[in-house]
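Remarks on the structure that follows.
These figures come from a predicted structure and were not determined experimentally. So you know, we letter chains A, B, ... as the sequences are listed, proteins then strands, and number each from 1.
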Number of protein chains: 2
Amino acid sequence: MHQPRVTIRDVAAQAGVSVATVSKVINQRYGVAADTMARVQAVISDLGYEASLVAQSLRNHRTNVIGILVADLEPFSTELLKGAADAIRGSGFELVVYSAGGRPGDMVGWEQRYLSRLSGTLVDGAVLVTPTVVDVHYGAPVVAVDPHTGSSGFPTVDADNLRGARLATEHLLSLGHRRIALLAGRADLESAKQREQVYREALAAAGVPFDESLVRVGGYDAELSRRAALELLTGPERPSAVFAANDVSAIALLKVAQSLGVRVPEDLSVVGFDNIPESALCTPPLTTIDQPIRTMGERAVEMLIQLIRGQPVERTHLTLATELVVRGSTARWDGAVRGTAA
Amino acid sequence: MHQPRVTIRDVAAQAGVSVATVSKVINQRYGVAADTMARVQAVISDLGYEASLVAQSLRNHRTNVIGILVADLEPFSTELLKGAADAIRGSGFELVVYSAGGRPGDMVGWEQRYLSRLSGTLVDGAVLVTPTVVDVHYGAPVVAVDPHTGSSGFPTVDADNLRGARLATEHLLSLGHRRIALLAGRADLESAKQREQVYREALAAAGVPFDESLVRVGGYDAELSRRAALELLTGPERPSAVFAANDVSAIALLKVAQSLGVRVPEDLSVVGFDNIPESALCTPPLTTIDQPIRTMGERAVEMLIQLIRGQPVERTHLTLATELVVRGSTARWDGAVRGTAA
DNA sequence: ATCGTTGTCGATAACGTTTTCCAACGCTAA
DNA sequence: TTAGCGTTGGAAAACGTTATCGACAACGAT
């Protein structure tokens, strides 16, 4: 079945040299004469020899594989994965994807279990996407994207949530909205915390009293957001605008609004966060905060590779810029109270 | 920097046994007394020992890693990847993703290069998504999803393109359309070939004469499709309907139509193929042929794992069912000739 | 002639496992 | 007592690399 693998020993025999010499020409080490090198090269391409990555890994304590751990392959992770895949091309590393498959309940042990495989077993390092874990005490380097609250433990890449949330809230305020709800994110993530905090501050700065009943948690999740949106839109005094902490929440909200006959943006303005590709496609196209997700993925693996190589890394906490993208889901609010849906 | 890895030797020393015995308890081999086993287990969890996957791989000639090769992480591949990730969970395998990064020019050597790493170097087998390669002569098993034309070389997973294309074309015909264009797919893929062929047959069966000027190739690619769509919609006698060979093409077409002021579905009906998530979100929501992409990904890795394990696999060419999903991009055609956009 | 020096090359010990023996031991049966 | 047998444990050889170090030849300089 498995054809006999051609090994370094075969090459050595065929070329009439020792395995040591073959190894040297493979790794471009000094100390082999030009003609022997040529001879060995010839035999190598002749036999179609390829060094066993596994054996090399065992010997070198380097697998040249990095892992990316995501809770689920939703749009954010997927975009990030694309960036990671772009950055890894030509780097000499491979990318293995671990997805917990959506059930956040499974995340708990799952993350730790894979993290424990880190040092020397399979991967040389890992990118953690929206992790639940706050610190890691294994040997291999780790960088977190959209990190957990208070995770000073490892290098991070994130976006300017503070500015983004301020832009979002102020956009709604500037359109005349006063009853602005918040569809909050995953409570354990720094990004969600910051977005909520700035939302409160911006409202306060505009002199809008804070109304606890206007914040519901959507947890960055479609199903949770659907339920939260339903409460928000069928409550006693419907908000005129919603700041959704991410686009998945916003899009879920859009669907709920449509099913309820609430028109967006006439009856309800919505702004999201992330600018995932879907946000430009949905109806109406979503006004949102752009976060350069793919670039975040690229930066994360670049930083990780530097860490693995032991190279010095200039900034160990990267924060990328966010921008407001105005599309069709937000509109001026004239202040007329249209009351609850009836 | 790297804390000293705890090895099987450490466990053996600590437990007062030999490494052979430790290996036996790890792999549940017969021949170790209950109390020694318990003692070793205790030491293992005590030291937090984890066997080196690399060393195991070297010894066993099995890496427990499978590769998935995609040309690019566009929606189809991404959905397929989700299915693959689902199927792999709990299987004991890991999934490494190779993306060529979109430039089909790079695909040529790229695919072969990674394929050559197959046997024994890093992965135990691979899933090829919309490959350019038709046969592979390396040791490890391979299964192709949406295979190349005439690739009888390896096991395949695809969807019922024949039925899907027939449903699509007949749907348009039954709505009264007669000038039905085709935005064709990647010429080297069996799926594209079949979709085009059935399109022709269905038209012929309905007595509609074939018009060569109505077929343009979009290559399953957004940019190519944009250009093709532009030609199609600005040509001398605009079609009343387009069958796009995949949803990416269809969505690109939708955008071109909008920019041209061609209303969908009033002035132009569009049906896509694939039913990627985006097709439900775009404006108008796309009528399309559903192809169970995630399931295809699951089936592909399941089949591959069986192949790797040497288990017999019942069906080595899987074809999954397709269905017509009618949404908002198709409408009845009253036969009035509205002429070219003017 | 002798002595470094430089340039090539090869033997060999790792790396951390698994597996195949084989040895030792305690039994039971003759 | 001894032969035979089942049970348990260990020694050692792989798996395919790479790095270290020493051997050896050629050579110029003293």
> If we ignore angles and hydrogens, is there a donor and acceptor under 3.5 Å between the side chains of A:Y220 and A:S191?
Replying inline: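 Result is yes, a qualifying pair exists.
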
Nearest whole angstrom, please: distance from the [atom2] of [N] to the [atom1] of [X].
{"X": "A:I8", "N": "C:dG10", "atom1": "CD1", "atom2": "P", "answer": "12 Å"}
{"X": "A:N60", "N": "C:dA13", "atom1": "CG", "atom2": "P", "answer": "20 Å"}
{"X": "B:I26", "N": "C:dG16", "atom1": "CD1", "atom2": "P", "answer": "14 Å"}
{"X": "B:N64", "N": "C:dT17", "atom1": "CG", "atom2": "C1'", "answer": "14 Å"}
{"X": "B:K24", "N": "D:dT8", "atom1": "NZ", "atom2": "P", "answer": "11 Å"}
{"X": "A:D35", "N": "C:dT8", "atom1": "CG", "atom2": "P", "answer": "9 Å"}

Selection from [options] that lies nearest to any side-chain heavy atom of [X]:
{"X": "B:R9", "options": "C:dT17, C:dT12, D:dG9", "answer": "C:dT17"}
{"X": "A:A51", "options": "C:dC9, C:dT17, D:dT17", "answer": "D:dT17"}
{"X": "B:A20", "options": "D:dG16, D:dA11, C:dT18", "answer": "D:dA11"}
{"X": "B:R59", "options": "C:dT17, C:dC15, C:dC9", "answer": "C:dT17"}

OP1 or OP2 of [N] sitting under 4.0 Å from any side-chain N/O of [X]?
{"X": "B:T7", "N": "C:dC15", "result": "no"}
{"X": "B:Y30", "N": "D:dG9", "result": "no"}
{"X": "B:R29", "N": "C:dT17", "result": "no"}
{"X": "A:S18", "N": "C:dC9", "result": "no"}
{"X": "A:Q56", "N": "D:dG16", "result": "no"}
{"X": "A:S52", "N": "D:dG16", "result": "no"}

>> Once you apply a heavy-atom cut-off of 4.0 Å, does B:T36 come out as touching a base, just sugar-phosphate, or nothing?
In response: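 The answer is sugar-phosphate, as B:T36 gets under 4.0 Å only of primed atoms, P, OP1 or OP2.
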
